[in-house]
Amino acid sequence: FTLFIRSGDVLAEPACKTTQLKNPAPTLAEMYALADGHAKAWKADAIPVRISNTSLGPLQPNGSAASWNLMFHSDSAKSSISVDTFRGSLTCNSSPGGAGRIPDFKADFVRDGAKLYALAKQHGEALLKEGYGVAIGTAAAPGNRPATWNISYTKEGARDGNLTVIVDAN
């Protein structure tokens, strides 16, 4: 059977078969390769729009996370695909509509999660010692949409770490 998920006025539809990952906590580079493959199989013109780990899977020193969310957009289909992992399962859902402001990712943009974690530690070591986890996410900066990695600090039951480190993603 086909499951449709309705959120507001957007109808999401499964875009790949749910699979169990051999590694339940892939690195950023591994996750991007997986998600890019699913996105290109879905629509050949799919481009990355957003890449982040979630609060359910903080970034680890080796660049891995147990929970990822990557979104790609197809201009030809006027829709997007979200490729997510959680507890070792990978799912894909597509939904119609625009993608908002799309970051200008270069072909070789930074996919080294360990390097991003090292930057998080360099700038927020006190927060890490207080038990905060590292969250990363891409964004499109104002102007000509340069791609950035935004690094923040989260802790369950607490306010965020009140620190965001912004790094050029290219």
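Note that these values count all heavy atoms, side chains included, but never hydrogens, waters or copies made by symmetry. For reference, positions follow the sequence shown, starting with 1.
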task: Tell me, with the steps shown, if F105 and Y32 meet ring-ring contact (aromatic ring centres under 6.0 Å, His included).
output: CA-CA 13 Å; F105 289 109; Y32 182 81; 7.9 Å; no
query: Under the side-chain contact (heavy atoms from CB on, under 4.5 Å) criterion, do H123 and Y153 qualify, and how do the steps go?
result: CA-CA 11 Å; H123 295 282; Y153 305 83; 4.2 Å; yes
message: Set out, in order, the CA-CA distance, both residues' side-chain angles and the distance that settles side-chain contact (heavy atoms from CB on, under 4.5 Å) for S89 and Q20, then state yes or no.
response: CA-CA 5 Å; S89 290; Q20 284 300 121; 2.5 Å; yes
message: Determine whether N93 and S95 satisfy the following criterion, side-chain hydrogen bond (donor to acceptor under 3.5 Å, both in side chains), listing intermediate values before the conclusion.
response: CA-CA 7 Å; N93 291 289; S95 56; over 6 Å; no
message: Could you walk me through whether F109 and I51 satisfy the side-chain contact (heavy atoms from CB on, under 4.5 Å) test, starting with their C-alpha distance in whole Å, then the side-chain angles of each, then the deciding distance to 0.1 Å, before giving a yes or no?
response: CA-CA 12 Å; F109 74 93; I51 304 168; 3.8 Å; yes
- request: Please assess D112 against Y117 for the test side-chain contact (heavy atoms from CB on, under 4.5 Å), listing each intermediate value before the final yes or no.
  value: CA-CA 9 Å; D112 185 342; Y117 186 92; over 6 Å; no
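Both V167 and L127 belong to a common hydrophobic cluster when Ile, Leu, Val, Met, Phe, Trp and Tyr are linked at side-chain heavy-atom distances under 4.5 angstrom. The cluster map of Ile, Leu, Val, Met, Phe, Trp and Tyr, joined by side-chain heavy atoms under 4.5 Å apart, puts L59 and L119 in the same cluster. Residues I166 and V110 are members of separate hydrophobic clusters, defined by side-chain heavy-atom contacts under 4.5 angstrom among Ile, Leu, Val, Met, Phe, Trp and Tyr.
To the nearest 0.5 Å, the span separating NZ on K115 from CH2 on W149 amounts to 12.0 Å. Between Y132 atom OH and S152 atom OG the span is 11.5 Å, to the nearest 0.5 Å. Atom-to-atom distance recorded for I151:CD1 and I136:CD1 is 7.5 Å, nearest 0.5 angstrom. Between atom CG of residue L116 and atom CG of residue L28 there is a gap of 6.5 Å, rounded to the nearest 0.5 Å. In this structure, L21 CG and E30 CD are separated by 9.5 Å, a value rounded to the nearest 0.5 Å. Separation of atoms OG (S55) and CG (D160) is listed at 12.0 Å; rounding is to 0.5 Å.
For R145 against A140, the heavy-atom pair with the smallest separation is CB-CB, 4.1 Å. When every heavy atom of G137 is checked against every heavy atom of S52, the shortest pair comes out as CA-CB, 3.8 Å. Smallest separation of non-hydrogen atoms from P58 and G133: CB-CA, 4.2 Å. Shown here for A65 and G57, the closest heavy-atom pair between the two residues is CB-O, 3.3 Å. Across all non-hydrogen atoms, the minimal contact from S80 to G98 is OG-O, 4.3 Å. The two atoms that bring K155 and E130 nearest to each other are NZ-O, 2.7 Å, heavy atoms only.
Between the side chains of S74 and D45, a donor-acceptor pair is found at a separation under 3.5 Å. For S82 and N69, the side-chain atoms include at least one donor-acceptor pair closer than 3.5 Å.
Counting only distance, with no hydrogens or angles, the side chain of R50 and the backbone of M71 share no donor-acceptor pair below 3.5 Å. Counting only distance, with no hydrogens or angles, the side chain of T54 and the backbone of L56 share a donor-acceptor pair below 3.5 Å. The backbone N or O of A147 sits nowhere less than 3.5 Å from a side-chain atom of D104 that would complete a donor-acceptor pair. Under a 3.5 Å cut-off, the side chain of W68 and the backbone N or O of A35 do not form any donor-acceptor pair. The main-chain N or O of T85 is found under 3.5 Å from a side-chain atom of S67 such that the two form a donor-acceptor pair. Using a distance-only test at 3.5 Å, with no hydrogens or angles considered, a donor-acceptor pair links the side chain of N170 to the main chain of K106. Judged by distance alone, the side chain of K40 and the main-chain N or O of A46 form a donor-acceptor pair under 3.5 Å. No donor-acceptor pair closer than 3.5 Å links the side chain of E125 to the backbone N or O of Q122. Under the 3.5 Å distance criterion, the side-chain polar atoms of N53 are matched with a main-chain donor or acceptor of V134. Between the side chain of K43 and the backbone N or O of I81, no donor-acceptor pair lies under 3.5 Å.
Residue H38 forms a side-chain contact (heavy atoms from CB on, under 4.5 Å) with just one option from T91, L90, L70, and that option is L90.
At least one side-chain heavy atom of S79 sits less than 4.5 Å from a side-chain heavy atom of W42.
Heavy atoms of other residues, nucleotides or ligands lying less than 6.0 angstrom from CZ of R101 number more than 12. Crowding of K121 atom NZ: a count of heavy atoms from other residues, nucleotides or ligands under 6.0 Å not exceeding 12.
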